Amino acid sequence: MQPHALNPHYQPERIERDAQAHWDKGAAFRAGTDPGKPKYYCLSMFPYPSGKLHMGHVRNYTIGDVVTRFHKMRGFDVLQPMGWDAFGLPAENAAMANGVPPAKWTYDNIAYMKKQLKSLGFAIDWERELATCTPEYYRWNQWLFLRMLEKGIAYQKTGTVNWDPVDQTVLANEQVIDGRGWRTGALVEKREIPMYYFGITKYAEELLSALDTLPGWPERVKTMQANWIGKSVGVNLGFPYTLDGRPGVLRVFTTRADTLMGVTFCAVAAEHPLATYAAKRNTALAAFVDECKRGAVMEAELATQEKKGMATGLYVNHPITGDKIEVWVGNYVLMSYGEGAVMGVPGHDERDFEFAKKYNLAIRQVIDVGGTAYSLDGWEPWYGEHGRCIDSGKYDGLDYQGAIDAVATDLGAKGLGEKQVTWRLRDWGISRQRYWGCPIPLIHCAACGTVPVPDDQLPVKLPEDLVPDGAGNPLNKHAAFLNCACPKCGKPAKRETDTMDTFVDSSWYYIRYANPGNDKAMVDASVKRWLPVDQYIGGIEHAILHLLYSRFWTKVMRDLGLVEFDEPFKNLLCQGMVLNEIFFRKEGQGKIRYFNPIDVDITTDEAGKRSGAVLRADGKPVESAGIGTMSKSKNNGVDPQSLVEEYGADTARFFMMFASPPEATLLWSDTGVDGSARFLKSLWAFAVDYDQTVREKLPAARTLAVAKLPATLAATRREIHLNLRQANYDLGRFQFNTVASACMKMLNALKAAPRDNLSLHAEVTEEGLSVLLRVLSPITPHICHQLWRDLGFGEDVLRATWPEPAEAALVQDEIELVLQVNGKLRGHVKAPATATRETIEALARAHEAVSRLAEGKPVKKVIVVPGKLVNVVV
RNA sequence: GCCGGAAUGGCGGAACUGGUAGACGCGCCGGACUCAAAAUCCGGUUCCAGCAAUGGAGUGUGGGUUCGAUUCCCUCUUCCGGCACCA
C-alpha cells in the first residue's frame, strides 16, 4: 500500500470518524459464519435506556470491547451484540413528569444512547440490536409464559405488595421512603393480591449444585448465589394442639432439632392462621398483628426492626414431653420462609435469647459445649454452637447429628416429624401492576375463568400512547386493551392488565441475539452456534437476581427442548460500580429531590476543610447522602459526552481502563484524564518522528532475528518483550489497567532507545512500535487503526496477528539479585544468569553488608530464591 | 440485621505461586524553552533523622505463623454492593 504522510498533529475527531467509517463500510463487526474459526460470544449487560450513557456504561462496554477485539485478533469469530432493556419504572416516572408516553421517551433515549455508543467505536454487531419493549421481542416472553403455565412452572397465588392508600396504587420498594409513599407521603400498607409466580424453587437443587460447573465465575458471586438459595437440611416437626375441640398441629422447621428439649415457646408470623384466630378474640393482639402487617415489605427493613412479640393465649403441646408451650406472634417470623412459625429455644438461639429476655420467658440450657459454664446474664457465641445434649432425657449425651436423627425417628413414629430440606429461595413473583411492561397473556372470563391467550393471537400488544398519572395502571382504564372476547366461549371478557417483571425480559435476551429477526420461532439453529455466552460482563449489583433468573430461565428452556445447554454464561466478569456522591434536599412529606454533583459546589471553611455543599443555581445548601452507584434515580450519573467531545473516544476509553482494574469499585474523578490524553498525543508524535526520520534507516532485509544488538538496544528490545509478556498475561486475567501501563512503558522505552546504530535502532523501533500498536489497539482502536495503516504495518490492525514475546529478546547474561540480611534489604549482588545456588551463596557471604551487619555472629542460614534474591540469616 | 467485597504515598493504582512496597500515571516542587503564557522537554517527589553515605518507621486496627507477610490465619473498624417491585 501507499504510505500517507502523517499529519503532525493528533486529531482524534478526524481519526475516529475515519476509522468508524472504515469499520462501517466493511461491516467489520458483523458476527461471521466461518465454520473454520472458533466462535466467541462476548456479551456486556444491556443498558436500561435512561437517557444518557454514564461512566458505568463506558466502563462496562469498553471492557467488553477490549475482550472482543483481543479475541478477534486471536482468530476467533466474535459476536458482540447490543440491545436495550427497555421496559421499566423510570419511563413511567418520566411520563408523569413530562406528560410524554413512556414509549416515546424510551425510543428517543435509545436513539440518543445508540449515537453515544457508536461515537465510542465499540465493535458491536448492530444488525442484531433488539429492544425488549418491541412486540417482536416480548411476544416470546408471552409464548414462553404460556408454555410454563402448561407445565405448571408458572402458577397463581397471592403475594404481598406495598400499597399507597392515597394514590390507590402499588408501590415499588424504591418508591417507599421511610415507610411512606414517595409522592403522597402516606403511610404505606401491605396488601395481599393475586399474582403469577415462576416456580424457581423447583430448580433450587440444580441452581445450587450447578454452581460447581462454573469455574469461570468469580467465587464471590457463586458464594452469594449459594447463600441466596440457602439450602438447609433440618426437621419439620409438629406441635399438636386442640382448638375449639378440634385437633391441629403447629408445624415448624428447624435445623436444630437437637435442641428440641430446650423449647420454651413457639412464635408464628402475623399472617399465620393461629395468629388470625387468636386476634379475633383479643383486640390488643389484633392491633399488634395489624402493626406487624403495616410497613414496607423489604427484607432489610424487617431484619433491622426491633424484635417484638405478643402472647396469643394459645398453647400447643411439646411433641416429646407433652408440656404446654405458649404460642406468640413475633414480628421477626417470616410467613414466606419454612412454615411461617418457629420453635423458640432461647438457650441456644441468639434471637430467641433476646426475645426471651425481653418478655421474661424461660431459658433452658440443653446443649453442652466442652463443659463451659452457662450463664443467663448475656448471650455468648458458644451457646449457638453444636455440642452434646444435656437435661434432654433420653437424648442426653447424643451429639448434634445423633440427636437430630433420634428426634426425627421418634417424631416420625408419631407422625409429628420428618427430615426436610428447606430453601431460603422463594418462587419468583412476576406480576407488576404497571403499564410499561410486557402484558401477561391471560384473559379473564366470567364463565370460563382465567383463559390463556391462544398462541396464534400473540403477541398481546401493549398500547404505546398511554400516559400514566400515578394512580394505578392506565391499562385498567383503556377499553381498547381491556375488552376482548373469551377465546373459549367467545363472550365479552377482560384482559389481564398486570405486566411482567422486567427481569423476565433480561432473563433470555442473550439467547435472542442469535436470531433476533426470527418472527416464526423464539430460537433457531443459530442459537446452537453462538450459545452459551463465552464471556459475560456486567456490574456486580447483578450478582444474584439477574444472573440467577437467567440461569433458571435457561434450565426451563432446556427442559422445554428449546436449547441444549445447561448454563447460559460460561465465564463471568463482574465489574465494580462507578460511584459518585449523592446530593439531595427533602421537600416535605418525605419527598426527596436529587441534584447532580455537577451542579453542586463544595464549600470549605478557613482551614480548607469541607464544610458543606450548595446548589450552584440558588446558592442554598444541599445534603449529601454519601457515595453511591451512578444511577438515574439518584441523579448522580456523569455523562461521558463532554469527555469524548473534549478528548476523543480513545482517550476516554484509555482513561477508563487505566483508572483501575475492572473488578474494583471506582469513585469517579476525571483528574488524570490529561495524562491519558498526553500519552496518546505523545504516541502520535513518536509515530510522526518514526515516519519522518527513522523508517528511512530500515535496512532492505531485516536482521533482528540474527543480529547481535549492542547492550543498550538489547535492553530496549528486552523491555518491549517483557512488557508484551506482562500485557498478554494481564489481558488473560482482565487486568486492563496494567495492560495500559505496559503500553506506556513500551513507548517510554522506545523514546529512550539510543540512536548510535541507526539501522539497528530503526529495526528495534519498527518491531517495538508494531507490538505496541497491536497490544494497544483493543483499548484505543482508532489511533492504532490509523497509525498501523499509515506507518505501513498493514491494511487493518484488527486483522493483524496478536504478538507473542520472543524468548531470544528476554535472555540476559547477568542478573542482579536482592541481598537481604535477616529479611531486610541490604544491597544487591550481580551474578551470571547461569550461576548455581552455591555460587550465589558464596557471593552473598562475601558481601560487605553481611560482614558489617553480622557483627561477628555466625551465619545461621542462607536462603536463595533463584533469579530473585538471597537472604542471609545471622 | 443477614450475605458478599474492599482498605497501600497528596490522588488513581502496581507488586504474577509469601521474596526489592509504591511500577505506570495524576498532582505538586524545581529547572529548560518563551517577551509572557500554554504546550513540550529534563530532574525530584512515602514519612522521620542526616550535607551525604546511610539508618529507622511504613500497606485501615490489634495479634499470630514465617528466614521473610500488602499477600496466609484470627480480632476489630470504616466504606461499598445485594436483600427478592430500581435496573
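Since we're looking at a predicted model, the values are computed, not measured. Proteins come first, then strands; the chains are lettered A, B, ... in the order of their sequence lines, and each starts at number 1. Basis for what follows: all heavy atoms, side chains included, without hydrogens, waters or symmetry-related copies.
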* Looking only at side-chain N and O atoms, does A/Gln735 come under 4.0 Å of OP1 or OP2 in B/A15? -> yes
* Using a 4.0 Å heavy-atom cut-off across all strands, classify A/Leu425 as base, sugar-phosphate, or nothing. => base
* Of all the nucleotides listed (B/A84, B/G81, B/G82), which has the minimum atom distance to the side chain of A/Ile544? -> B/G82
* To do: Could you state the atom-to-atom distance from CD1 of A/Ile540 to P of B/G4 in whole Å?
  => 12 Å
* **Parallel, tilted or perpendicular: ring planes of A/Tyr536 versus A/Tyr510, cut at 30 and 60 degrees** => tilted
Under 3.5 Å, which N/O atoms of the protein pair with N/O atoms of nucleotides 38-46 of chain B?
none

* Asked: Do A/Leu819 and A/Leu869 come close enough that some side-chain heavy atom pair is under 4.5 Å?
  -> no
* Asked: Looking at A/Gln225 and A/Leu211, what are the two nearest heavy atoms and their distance?
  -> OE1-CD2, 3.9 Å
Write down the protein N/O and nucleotide N/O pairs, taken from nucleotides 21-23 of chain B, whose separation is under 3.5 Å; answer none if there are no such pairs.
unit_1 : atom_1 : unit_2   : atom_2 : d
B/A23  : O2'    : A/Lys745 : NZ     : 2.9

* Please state whether the rings of A/Trp684 and A/Tyr10 are parallel, tilted or perpendicular, taking 30° and 60° as the class boundaries. => tilted
* Asked: Any donor-acceptor pair under 3.5 Å between the side chain of A/Arg733 and the base of B/C16?
  -> no
* Taking O4'-C1'-N9-C4 for purines and O4'-C1'-N1-C2 for pyrimidines, is B/G9 syn (within 90° of 0) or anti? -> syn
